[in-house]
Amino acid sequence: MEHWNSSVGSGFILVGILNDSGSPELLCATITALYMLALASNGLLLLVITMDARLHVPMYLLLGQLSLMDLLFTSVVTPKALVDYLSRENSISFGGCALQMFLALTLGGAEDLLLAFMAYDRYVAICHPLNYMVFMRPRVCWFMVATSWILASLNALGHTMYTMHYPFCMSWEIRHLLCEIPPLLKLACADTSGYELMVYVTGVTFLLLPLSAILASYSLILFTVLHVPSTEGRKKALVTCSSHLTVVGMFYGAATFMYVLPSSFHSPKQDNIISVFYTIVTPALNPLIYSLRNKEVMGAFRRVLGKYMLPANPTL
């Protein structure tokens with residue numbers, strides 16, 4: 001099979017979900033609306049958490065980082081896909097593909113770890129409320145945030161460099177929304193079975209270990225909540241935790257399908273749908289799930305809106 005030189009001047013063709021859709025115009029409008037919603041909702045949540053001093057607590061520091069990751073994650077993928085469809089230009093350079101893969105893996109991995117730290121935060125808040133500010137003091141919170149970013153970026157760098165070192169065949173069409181490991185390995189003109197096993201092991205480690213920590217945290221939380229004498233206290237704890245578990249279910253379900261299930265379970269159409277879900281749909285819904293069911297966030301939003309955006313009453 002003929003190879004092509006993956007140099008700086010070489011490129012790929014991203015044949016994403018918009019090109020393969022039966023109703024591309026409707027899907028393009030839907031994706032655009034979801035992207036605008038993700039920008040607005042995550043941007044507003046970040047603004048509220050930054051501007052309102054009452055939200056300068058560990059829970060909302062971590063939530064702000066989640067919004068930042070979602071905002072960046074969807075921006076790495078969605079504008080490129082929309083511009084490509086509208087301009088009928090689907091090419092991406094070799095370097096651009098590598099950069100997109102690195103950023104997507106970094107942001108996805110950082111969110112994966114951050115969700116586990118957020119579960120620990122809820123565990124401490126509910127099960128050890130008197131020691132909350134000891135276990136979740138600012139230095140510990142920033143250590144959690146730094147750990148999420150650093151470990152995810154190192155993992156992404158290793159995978160990006162190894163994936164892009166393969167020789168690729170003349171059929172360089174990536175039938176996927178973005179440059180990711182599974183669809184790129186299908187184009188490699190070399191034996192990738194050993195590396196696919198490494199991707200599987202890394203996926204299990206990066207996804208299932210944090211997921212196990214989340215499940216353990218919420219099992220302990222549920223046990224504690226069931227023994228809370230106050231009905232209102234039980235309800236508040238369960239509402240807060242259910243929001244987090246909804247986000248966890250959406251994120252880990254899609255990521256597990258993409259990086260843990262064997263390649264025999266994958267098809268281009270399924271992979272595209274899953275990618276749209278965790279790169280576009282989930283970032284748009286996450287802040288709504290957290291904020292619409294959180295009285296503190298909604299109260300802070302009204303305070304910030306009233307203080308910084310609404311005009312003052314004119315003096316009579």
Side-chain angles (χ1 to χ4, degrees), residues 3-8 10-12 14 65-66 68-70 72-77 80 92-117 142-169 172 174-214 251-252 254-266 271 274-275 278-279 282-283:
H3 295 184
W4 65 287
N5 181 24
S6 28
S7 63
V8 176
S10 305
F12 297 96
L14 279 173
Q65 287 294 312
L66 179 66
L68 177 62
M69 291 172 185
D70 280 337
L72 296 175
F73 196 7
T74 191
S75 296
V76 166
V77 178
K80 168 68 176 168
I92 184 170
S93 67
F94 182 84
C97 186
L99 178 62
Q100 188 183 59
M101 180 189 295
F102 170 75
L103 292 175
L105 287 173
T106 296
L107 293 162
E111 183 166 337
D112 166 37
L113 295 173
L114 186 73
L115 288 172
F117 288 131
W142 285 113
F143 175 78
M144 291 176 173
V145 171
T147 299
S148 299
W149 284 104
I150 292 171
L151 289 182
S153 61
L154 291 175
N155 175 68
L157 181 62
H159 276 303
T160 301
M161 292 178 65
Y162 202 89
T163 301
M164 303 307 285
H165 96 282
Y166 280 109
F168 296 99
C169 303
W172 56 79
I174 303 174
R175 305 195 68 80
H176 199 56
L177 181 67
L178 71 154
C179 290
E180 278 193 290
I181 297 173
L184 270 171
L185 291 183
K186 293 178 181 178
L187 305 182
C189 298
D191 181 16
T192 62
S193 57
Y195 180 54
E196 286 180 15
L197 178 60
M198 187 171 75
V199 171
Y200 173 79
V201 171
T202 306
V204 169
T205 304
F206 238 79
L207 289 171
L208 298 190
L209 284 183
L211 182 58
S212 299
I214 290 171
F251 178 83
Y252 280 92
T256 299
F257 180 91
M258 198 68 194
Y259 285 98
V260 175
L261 289 183
S263 58
S264 57
F265 287 82
H266 292 254
D271 286 355
I274 294 296
S275 295
Y278 68 78
T279 60
T282 302

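This structure is a prediction, so every number in the text was calculated from the model and none was measured.
Between Cys97 and Ile174, some side-chain heavy-atom pair lies under the 4.5 Å cut-off. Residues Glu180 and Ser275 have side chains in contact (heavy-atom distance under 4.5 Å, counting atoms from C-beta outward). In this structure the side chain of Gln65 reaches within 4.5 angstrom of the side chain of Trp149, judged on heavy atoms. Side-chain contact check for Leu115 versus Tyr252: some heavy-atom pair is nearer than 4.5 Å. Leu114 has its side chain out of reach of Met144: every pair of non-hydrogen atoms, C-beta onward, lies at least 4.5 Å apart. Inter-residue side-chain proximity for Leu184 and Phe168 is flagged as met; some heavy-atom pair is nearer than 4.5 Å. Contact annotation: the side chain of Leu187 never approaches that of Tyr166 to less than 4.5 Å [non-hydrogen atoms, C-beta and beyond]. With a 4.5 Å cut-off on side-chain heavy atoms, Leu14 and Gln100 count as touching.
Looking at every heavy atom in both residues, Leu209 comes nearest to Thr205 through CB-O, 3.2 Å. Pairing each heavy atom of Tyr278 with each of Pro283, the nearest pair is O-CD, 3.7 Å. A pairwise comparison of heavy atoms in Val76 and Ala104 identifies CG1-N, 4.4 Å as the closest pair. Contact detail for Glu111 and Phe73: the closest heavy-atom pair is OE1-CD2, 4.5 Å.
To the nearest 0.5 Å, atom SG of residue Cys179 and atom CG of residue Leu103 are 11.0 Å apart. Interatomic distance, OG1 of Thr160 versus CG of Asn155, reported as 8.5 Å (0.5 Å rounding). In this structure, CZ in Phe94 is found 6.0 Å from CZ in Phe12, a value given to the nearest 0.5 Å. To the nearest 0.5 Å, atoms CG (Leu105) and CG (Leu157) are separated by 10.5 Å. The structure places CG of Leu113 at 11.5 Å from CD1 of Ile150, a figure rounded to the nearest 0.5 Å. Expressed to the nearest 0.5 Å, how far CG of Leu107 lies from CG of Leu68 amounts to 8.0 Å.
Around the CE atom of Met198, the shell of radius 6.0 Å holds more than 12 heavy atoms that belong to other residues, nucleotides or ligands.
Without hydrogens or angle criteria, Thr74 side chain to Asp70 main chain gives no donor-acceptor distance under 3.5 Å.
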Identify every side-chain donor-acceptor pair in residues 188-195 under 3.5 Å, counting partners at least two apart or on other chains, and give the distances.
from   : atom 1 : to     : atom 2 : distance (Å)
Asp191 : OD1    : Ser193 : N      : 3.1
Asp191 : OD1    : Ser193 : OG     : 2.9
Asp191 : OD2    : Ser193 : OG     : 3.3
Thr192 : OG1    : Glu196 : OE2    : 2.9
Tyr195 : OH     : His159 : O      : 3.2
Tyr195 : OH     : His159 : ND1    : 2.9
Tyr195 : OH     : Thr163 : OG1    : 2.7

Discussion item. Would Phe117 and Thr147 count as a side-chain contact (heavy atoms from CB on, under 4.5 Å) here? Give the steps.
Written reply: CA-CA 10 Å; Phe117 288 131; Thr147 299; 4.2 Å; yes

Report task. Kindly indicate, with the supporting measurements, whether the criterion side-chain contact (heavy atoms from CB on, under 4.5 Å) is fulfilled by Leu208 and Leu211. Result -> CA-CA 5 Å; Leu208 298 190; Leu211 182 58; 4.3 Å; yes

